[in-house]
Amino acid sequence: MKPSQKQTAIYKALLLFGAPKVGKTRLFGTLAQKYNLLLFDLENGSETLIYSVPKELQDRVEIISIPDTRSFPVAIETMLKIVKGGPVEICEEHGKVSCALCRKENKPFNKVELNALGPDWVVGIDSLTQLTNSAIAHITKGQPDDYKLTYDDWGNLGKLMDMFLSHIQNAKYNVVCISHETAEDIVTG
């Protein structure tokens, strides 16, 4: 196929990154002026949208909280299932796909099917930083707090994040991934 014959994708994937507390989630919220928003909140930052999105636009915003912690690293498991785009049900209490405990206790679930969203929707993932932390906690579960990642652990982290990001790269929905910048010390020899 010639470049002139190739159609551009109607769906876009963007990375929004910056220092903590500079307004990344608030900037994402401004998209409610033109789009419906579905935010996967991995680090309890959705409060920003409650205060920054005008009341008349808040009906255009859906928030799904995924209460990820070091001792309960559910975000990586849940988001890997969600980004495939098919239908999933996420329990409101734990942020877990098909949570057996919540199903047994008849607790509420959010139904999501990303591939069914039209071009008038934008999916937000807040944040890739927390998703990476979730993957690390998943990989090192049962290890002491001062555990240092091994070469194999880093390889597993790369594999998990590659699985997630490859779905984002080829998504059949608009998506904005929010991430924090990090400072790294460079050691020279």
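Residues: numbered from 1 along the sequence shown.
Not one N or O on the side chain of K84 forms a donor-acceptor pair closer than 3.5 Å with the backbone of L114. In terms of modelled atom types and a separation under 3.5 Å, the side chain of S134 and the main chain of Q130 share no donor-acceptor contact. Although no hydrogens or angles enter the test, the distance criterion places a donor-acceptor pair under 3.5 Å between the side chain of Q58 and the main chain of V53. A side-chain donor-acceptor contact under 3.5 Å links D41 to the backbone of S46. Between the side chain of S179 and the backbone N or O of L128, no donor-acceptor pair lies under 3.5 Å. Of the possible donor and acceptor atoms, one in the side chain of D68 sits under 3.5 Å from a partner among the backbone N and O of A75. Looking at N36, its side chain never comes within 3.5 Å of a backbone N or O of V61 through a donor-acceptor pair. Judged by distance alone, with hydrogens and angles left aside, the side-chain atoms of E43 form no donor-acceptor pair with the main-chain N or O of S127 at under 3.5 Å.
Within the 4.5 Å cutoff, side-chain heavy atoms of V123 are placed close to those of F40. Annotation: side chain of E92 is in contact with side chain of N110 (closest heavy-atom distance under 4.5 Å). At least one side-chain heavy atom of M79 sits less than 4.5 Å from a side-chain heavy atom of L42. Two residues are said to be in side-chain contact when any heavy atoms from C-beta on lie closer than 4.5 Å; W121 and E62 meet this criterion. I178 has its side chain within reach of T25: a pair of non-hydrogen atoms, C-beta onward, lies under 4.5 Å apart. With contacts defined as side-chain heavy-atom distances shorter than 4.5 Å, the pair I125/V176 does not qualify. Taking 4.5 Å as the limit, some side-chain heavy atom of C102 sits within range of a side-chain heavy atom of H94. Inter-residue side-chain proximity for I64 and I82 is flagged as unmet; no heavy-atom pair is nearer than 4.5 Å.
When all heavy atoms of F28 and L37 are compared, the pair lying nearest together is O-CD1, 3.7 Å. When all heavy atoms of P20 and K24 are compared, the closest pair comes out as CA-NZ, 3.8 Å. Nearest heavy atoms, P67 versus E93: CG-O, 3.7 Å. Considering every non-hydrogen atom in both K141 and S71, the closest pair reads NZ-O, 3.8 Å. Minimum heavy-atom separation, E113 to P87: CG-N, 3.7 Å. For the residue pair A135 and M161, the shortest heavy atom distance occurs at CB-SD, 4.5 Å.
Note that the CG atom of N133 and the CZ atom of R70 stand 9.0 Å from one another [nearest 0.5 Å]. One distance of note links OH of Y147 with CD1 of I139; it measures 9.5 Å at 0.5 Å rounding. The distance from atom SG of C99 to atom CD1 of I90, rounded to the nearest 0.5 Å, is 11.5 Å. Of the inter-residue distances, the one linking K12 atom NZ with Y173 atom OH reads 15.5 Å to the nearest 0.5 angstrom.
With a 6.0 Å cutoff to the six-membered ring centre and a 45° limit on the axis angle, R60 does not count as a cation-pi contact of Y35.
In summary, of the residues considered (L149, T150, L157), a side-chain contact (heavy atoms from CB on, under 4.5 Å) with T140 occurs for L149 alone. Of the candidates I76, V97, V112, V97 is the only one forming a side-chain contact (heavy atoms from CB on, under 4.5 Å) with K81. Applying side-chain contact (heavy atoms from CB on, under 4.5 Å) to D126 and the options L39, L131, N44 leaves one that passes, L39.
Hydrophobic clustering of Ile, Leu, Val, Met, Phe, Trp and Tyr side chains at less than 4.5 Å, counting indirect connections, unites V175 with L117. If you chain together hydrophobic residues whose side chains sit under 4.5 Å apart, W154 and L160 fall into the same group. Connection of I168 to L14 is not established within any shared hydrophobic cluster, with ILVMFWY side chains joined at heavy-atom distances below 4.5 Å, either directly or through further cluster members. Under the 4.5 Å side-chain heavy-atom criterion for grouping Ile, Leu, Val, Met, Phe, Trp and Tyr, I63 is not connected to F109 through any hydrophobic cluster.
Counting non-hydrogen atoms of other residues, nucleotides and ligands closer than 6.0 Å to OH of Y11 gives a total above 12. Other residues, nucleotides and ligands place more than 12 heavy atoms under 6.0 Å from the NE2 atom of H180. A 6.0 Å sphere centred on CZ of R26 holds no more than 12 heavy atoms belonging to other residues, nucleotides or ligands. Counting non-hydrogen atoms of neighbouring residues, nucleotides and ligands closer than 6.0 angstrom, the CD atom of E47 reaches no more than 12 such neighbours.
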Show your reasoning for whether side chain to side chain contact (heavy atoms under 4.5 Å, CB included) applies to M163 and L80. CA-CA 7 Å; M163 286 186 333; L80 282 172; 3.8 Å; yes
When you look at L165 and V83, which way does the side chain to side chain contact (heavy atoms under 4.5 Å, CB included) test go after all the steps? CA-CA 9 Å; L165 292 170; V83 294; over 6 Å; no
Tell me, with the steps shown, if F17 and C177 meet side chain to side chain contact (heavy atoms under 4.5 Å, CB included). CA-CA 8 Å; F17 75 99; C177 293; over 6 Å; no
Verify side chain to side chain contact (heavy atoms under 4.5 Å, CB included) between L38 and V122, making sure each step is shown before the conclusion. CA-CA 6 Å; L38 173 59; V122 178; over 6 Å; no
Give the C-alpha distance, both sets of side-chain angles, the deciding distance and a yes or no for salt bridge (Lys or Arg N to Asp or Glu O under 4.0 Å) between E77 and K96. CA-CA 8 Å; E77 174 190 334; K96 186 171 175 62; 2.7 Å; yes
